Amino acid sequence: MLKSEHTSHFKVTLLVYVLKVGVAPFQLILQVYKLLAGWYVFCKEQIVEVPSLDEFFYYYKLESNPMWKDKIKGVLPFLWRVFPLLGLQSKHKSDYLLYGKLALPLVWKGQAIVLFPLYASTDGDHLSRILSRNLIGDNFKADTDLEVKLSNIIIQQLDDVAGDVSGLAVKWYNVFSVYPLYIVVAVIELFETKWKMLSKFAHIFVCSCSLAPLVKKVSEARVVEMTNKLCEKLLNGKDQHRDIASIALKTIVAEIATQSLAQSILVSILRQLIKGITGTGTSTEIKCECLDILCDVLHKFGNLMATDHELLLGALLSQLSSNQASVRKKTVACIASLASSLSDDLLAKATVQVVQNLRNKGAKSEMTRTNIQMIGALSRAVGYRFGPHLSDTVPVLINYCTSASENDEELREYSLQALESFLLRCPRDISSYCDEILHLNLDYLSYDPNFTDNMEEDTDNDSLEEEEDDESANEYTDDEDVSWKVRRAAAKCLAALIVSRPEMLAKLYEEACPKLIERFKEREENVKMDVFNTFIELLRQTGNVTKGQIDINELSPRWLLKQEVPKIIKSINRQLREKSIKTKVGAFSVLKELVVVLPDCLADHIGSLIPGIEKALNDKSSTSNLKIEALIFTRLVLASHFPSVFHPHVKALSSPVLSAVGERYYKVTAEALRVCGELVRVVRPNIEGNGFDFKPYVRPLYDAIMSRLTNQDQDQEVKECAITCMGLVVSTFGDNLKAELPSCLPVLVDRMGNEITRLTAVKAFAVIAASPLQIDLSCVLEQVITELTAFLRKANRALRQATLGTLNSLIVAYGDKIASPAYEVIIVELSTLISDSDLHMTALALELCCTLMSDKRSSLVIGTAVRNKVLPQALTLIKSSLLQGHALLALQNFFAALVYSANTSFDALLESLLSSAKPSPQAGGVAKQALYSIAQCVAVLCLAAGDKKYSSTVKMLTEILKDDSSSNSAKQHLSLLCLGEIGRRKDLSSHPHIENIVIESFQSPFEEIKSAASYALGNIAVGNLSKYLPFILDQIDNQQKKQYLLLHSLKEVIVRQSVDKSEFQDSSVEKILKLLFNHCESDEEGVRNVVAECLGKIALIEPAKLVPALKIRTTSPAAFTRATVVIAVKYSVVERPEKIDDIIYPEISSFLMLIKDDDRHVRRAAVLALSTFAHNKPNLIKGLLPELLPLLYDQTVVKQELIRTVDLGPFKHIVDDGLELRKAAFECVDTLLDSCLDQVNPSSFIVPYLRSGLDDHYDVKMPCHLILSKLSEKCPSAVLAVLDSLVDPLQKTINFKPKQDAVKQEVDRNEDMIRSALRAIASLNRISGGDCSLRFKNLTNEITKSPTLSEKYNSIRNE
């Protein structure tokens, strides 16, 4: 077939190809040979250079494409896809030429143009789909002639009678293309080719060059021209082309990317679409297609056609009365898309007309149903903007619900759906109708006119007769009975009410909760699931509102729920006996949520629930989903109740759970193992014993878990659960498993060697080590210590943390069995973990160091190792300004332990600590916080070293203070802090005149020394109140210039006394109060704040004296006095229960009602006090919130009378005195959302208050963004209702650019504000249904298109 001169070259080419790809099945060689032969002959006859083998591989991406790195895997699908084309079995040379032509790489205008992918088939449909996946390269630019050719070809293809070709002309499959093709120009040149087959392929290919990318590549005029032609085909073309023209128009609309192109197309398309919708002779099919396209246009570009809104609205409203249901349905969707961009006047016009249609008593029922659907669609589309029209629509809908004929169930359903949308989208304006809607929902929740339930609801026996009655009741079916739709709509509407009205919880428990429990018996399964979901929403809302609260108030939601628990359990037990799997899954979901909200509520009902759990786990018909739900509930209930509650039922419960451990499905097994962990705790809650015989359950539990622990071929989740559970079993039952430990513990050690399970195994050994049974670990202890020491070097932070805790537990329990060399290796590894970059890790490492040093047997060796390796790191750490909390406490304990250990000099340690406070040339001065840390460590060190060392240290520090040279200021500063810390811990009265030495430092020219002296004097007084407190009070009376510093000293005394709950002498209290009240009117805000804190802390000690005294001063004529006493109350409110709580409760309103005071300082003080109450003691203020909240919201508004202009000569400066008050008010609302959500009505707050805050000053925007994020999570429906109105301020914030001459601080603040706004936007984006807001969708699109915003937004979403 080939000429002889071609043969040798061709065979070599084929051989090299086969060798290079690494696979050559015999039956494939012939086909590849045919392809290469045709290619070769064609090139030679056309006098074109034959492609080399390298070029062949390059063009077909067998080398460069990363998907084809594995040639063995790559070549098989490659050759397999070649066969359909090569399987023509022709013997003619022309066919080989055709194959070559199709596969030929050409060079056209500098680009490689492949006309046909090697994996295509001759089937036109398949070929077109493949070609359409490889469309127009990014570098392709068409000239005018080519544009015309392309657009004409595609429009012509719409006339192709073959549906597959015309359909593919408007589709684009651009997913996972394997071979990128740079085509178009060459294909168009082939249209006139003499080969009909090639011409056909080219024609199909170009029409498959979808409109989607074409719209982006050709000019606007060409797109408009195509649009006009398509509209003509849609309205006047053949019937078989209408669908294709419609798809084409939708494709163009979807791909329009620029506003100018959109406006050009809208001008040409709108009139024609309106003509198609309203034309008298237009068919229903054309109307529907036009409405579909118009709906897409309005959804995307509704805001660009404001001038045509009235015309569009009139045309669409007229179609609501169409006789065709399909037209009316599409019209509803179209008007809803238009509504989001309508002005308020046109929206009112649309609503009025629809309501008038509804009020027309003579209208057909199907027209009425359409208009009700229209009302619901409008409210969903425009959200809060529909609120003003509720007064017209809600009564009409309620009337239709109650007066509709018995057979008109759809009318009731649509009315309830519309009311549901009002509740979710207009929560503020619907408030006055909520009670009426609630009663309506409760009535229709049991609406079932075709069925009467004669069962006695109050009986609850498990007899077969009752079950048969239940089953026979559920067997009732009537295909024509659609009353279930009404019940379902009522359940969903009630769920919307629950979600959107947290303030109605108490009422809902009184009225809705009993009805929902009763409706658990619903005969229609889908409706029953909605009833379950509605009840779950009620429980979740209760959890959100009362999170962290323990309410004993009879009106609180938790208390009301607790009263309903017996009824809930009774009804749920009936559902657990049902045959339906779906029903039982729903019942366990309810129980699960109930236990989460009320953890201890089922103690009296466990016995009645056990049969349902057993049946769910043992029944052969049970699905995995049911078993998982049953096991999760079992685990939750075991974890949340006292173990003794379950002891009578352990036998019944353990058997099905242990059986579930052997299940094949890994999720069931994992959950069963978690339940086993809780069972272990239940059967032996303490080692001493509680009268329950746990021994019969030890071996079954061990065997079931061990079988899973030793099985390697299972899911990671199961492995981890088995390890955790075995750790609990060994730590709890180790004394009864001594024979099994040598076989069990090595398995756990083996799991430590596996990277996937090592973290879980480390935690398991921590549990075992902490066991009071002192489990014998001798067989594995050395290996465990070695493994754990190695883990300290791993990069995995969680693993290192767990390892430190486990080592600590092991050394405490088994220190005498661990060799000293192992300790030294651990210390070396620990030294690398002590750093201020991870304070939590540092605290754990220091604690482990202390544990190691406390081992008397090896203290000499360990002390030396710690001094050499860890001490340098500790001295570096102590200079960090970040050091605080647990890490600082651990560091103090470390220095104390180091003193106790052998071969460690106190003097050397003290010198090291004091030297660490010296400024270094490289780092500069030591941070203030670091000085306080050093002082505390010095104090702990002195006390640990004994009285002699402590006395010498105090003497040395006082000598430093007596040296008043200015070069000694750093030493004096540290000395004062050290004396204060030592004096707080030990009485310094044995050192004469130390108070006078300290007070002399008040004369220092350095502010930091004055502050340190004030701190030191106050703390020294704490050590001996009887001696030093009168001294401070006398000084305050006699030293006017030093009053501020002396007040700070007094504050230190009072704060320490309030923390230690120590009482003052009566004479001292009277004197202190007189002094403090005299300073309430001080002009200096710093003095007033100190006085307020002192009064507040004394109130904790002497509430009976302070509360009346503070209350009297709330009516003082001096505004500063009123503000100071309110701030004092703020300081008296702490998280822990105090005796002041009962005394201040009746008087709270006297202080908080000052929020309406004329003076802004007093109002701000009241707002701060309210915020503290809401955070620490929300129960004390809940009764006042209905009156306080409107006053609080008023403080968030910008008040012009508080804005003043200061003339600074060359320029004027605007001062906003209300800024701090607004910021405090928004922060207070943020706190109230956490603790008093049931009292806050989010809908009335978001608009206008939060909306204005989002457009306020930087300091106000930040808390507003936090509030918006919180509301998005807790009250999504309220946010969703007004989402459109929140877009503008957020958009303004993220697009704000600082001035070019802005300082770095302003630039950084703006960056923080942008990130804060993006964080709020990310929270909004998580709300289900948020995408229905076109404005918000455009905002997120804008963020995505901006490289800088997109990067920040993505990093926030990944946090």
Side-chain angles (χ1 to χ4, degrees), residues 270-271 273-280 282 284 287-288 290-291 294-295 297-299 302-303 305-401 403-404 408 410-411 414-422 425-426 429-430 433 1284:
L270 276 183
R271 304 292 171 178
L273 290 177
I274 292 174
K275 177 184 175 183
I277 293 168
T278 58
T280 52
T282 309
T284 300
K287 282 188 178 183
C288 288
C290 290
L291 285 167
L294 182 59
C295 189
V297 170
L298 292 171
H299 186 70
N303 56 334
M305 51 181 85
T307 54
D308 296 308
H309 279 175
E310 191 166 3
L311 176 65
L312 283 165
L313 184 62
L316 292 171
L317 287 173
S318 66
Q319 298 305 306
L320 287 176
S321 56
S322 170
N323 292 324
Q324 298 298 323
S326 58
V327 173
R328 295 198 305 272
K329 182 179 179 181
K330 292 181 183 295
T331 301
V332 168
C334 221
I335 295 176
S337 295
L338 173 64
S340 59
S341 54
L342 284 179
S343 66
D344 289 341
D345 290 340
L346 288 177
L347 177 62
K349 177 183 176 182
T351 307
V352 167
Q353 181 165 336
V354 176
V355 172
Q356 284 178 352
N357 294 343
L358 285 174
R359 286 176 175 161
N360 181 7
K361 299 296 183 182
K364 296 179 181 178
S365 60
E366 57 266 24
M367 299 299 178
T368 303
R369 288 196 289 270
T370 298
N371 284 295
I372 291 175
Q373 285 180 301
M374 187 69 258
I375 289 289
L378 280 174
S379 73
R380 284 188 287 273
V382 301
Y384 72 99
R385 292 177 58 208
F386 197 79
H389 309 291
L390 293 182
S391 57
D392 295 325
T393 53
V394 173
V396 174
L397 293 178
I398 292 176
N399 180 57
Y400 270 114
C401 267
S403 62
D408 205 348
E410 286 189 344
L411 189 61
Y414 295 157
S415 298
L416 289 168
Q417 287 173 346
L419 292 172
E420 177 192 355
S421 95
F422 295 161
R425 305 292 275 148
C426 313
D429 299 285
I430 197 71
Y433 299 101
D1284 282 352

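It should be emphasised that the depicted structure is a prediction, and the values quoted were computed from it without experimental measurement.
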- Query: Ser337 side chain to Ala333 main-chain N or O, any donor-acceptor pair under 3.5 Å?
  - Reply: yes
Could you tell me which residues satisfy side chain to side chain contact (heavy atoms under 4.5 Å, CB included) with [X], sequence neighbours excluded, listed by chain and number?
X      : result
Arg385 : Asp344, Leu347, Val382
Ser391 : Tyr433
Lys364 : Glu366, Met367
Thr284 : Cys288, Gln324, Ser326, Val327

Less than 3.5 Å apart, which donor and acceptor atoms pair up between the side chains of residues 312-320 and the rest of the protein, not counting sequence neighbours?
unit_1: Ser318; atom_1: OG; unit_2: Ala315; atom_2: O; d: 2.6
unit_1: Gln319; atom_1: OE1; unit_2: Lys287; atom_2: NZ; d: 3.4

Sequence neighbours excluded, the answer for salt bridge (Lys or Arg N to Asp or Glu O under 4.0 Å) partners of Glu310 is Lys349
With sequence neighbours left out, the residues meeting salt bridge (Lys or Arg N to Asp or Glu O under 4.0 Å) with Asp308 are Arg271
Can you tell me how far [atom2] of [Y] sits from [atom1] of [X], rounded to the nearest 0.5 angstrom?
X      : Y      : atom1 : atom2 : result
Asp392 : Leu397 : CG    : CG    : 11.0 Å
Met374 : Ser379 : CE    : OG    : 9.5 Å
Ile430 : Ser421 : CD1   : OG    : 9.0 Å
Ile375 : Ile372 : CD1   : CD1   : 9.0 Å
Leu294 : Cys334 : CG    : SG    : 3.5 Å
Ile277 : Ser322 : CD1   : OG    : 11.5 Å

*Min side-chain heavy-atom separation Leu338-Met305 under 4.5 Å*: no
Less than 4.5 Å apart, any side-chain heavy atom of Leu416 and any of Cys401? yes
Across all chains, not counting sequence neighbours, the side chain to side chain donor-acceptor pair (under 3.5 Å) partners of Asn357 are Asn371
Hits for side chain to side chain donor-acceptor pair (under 3.5 Å) against Gln417, two or more places apart or cross-chain, chain-then-number order -> Glu413
In short, salt bridge (charged side-chain N to carboxylate O under 4.0 Å, His left out) pairs touching residues 317-339 with sequence neighbours left out are Asp292-Lys330
Residue pairs passing the salt bridge (charged side-chain N to carboxylate O under 4.0 Å, His left out) test with at least one member in residues 315-325, sequence neighbours excluded, are none
Smallest separation among heavy atoms of [X] and [Y], with atom names:
X      : Y      : answer
Tyr400 : Arg359 : OH-N, 4.4 Å
Ser341 : Asn303 : CB-N, 3.8 Å
Cys426 : Gly387 : SG-N, 3.9 Å

The ring pair (Phe, Tyr, Trp, His ring centres under 6.0 Å) partners of Phe386 (sequence neighbours excluded) come to His389, Phe422
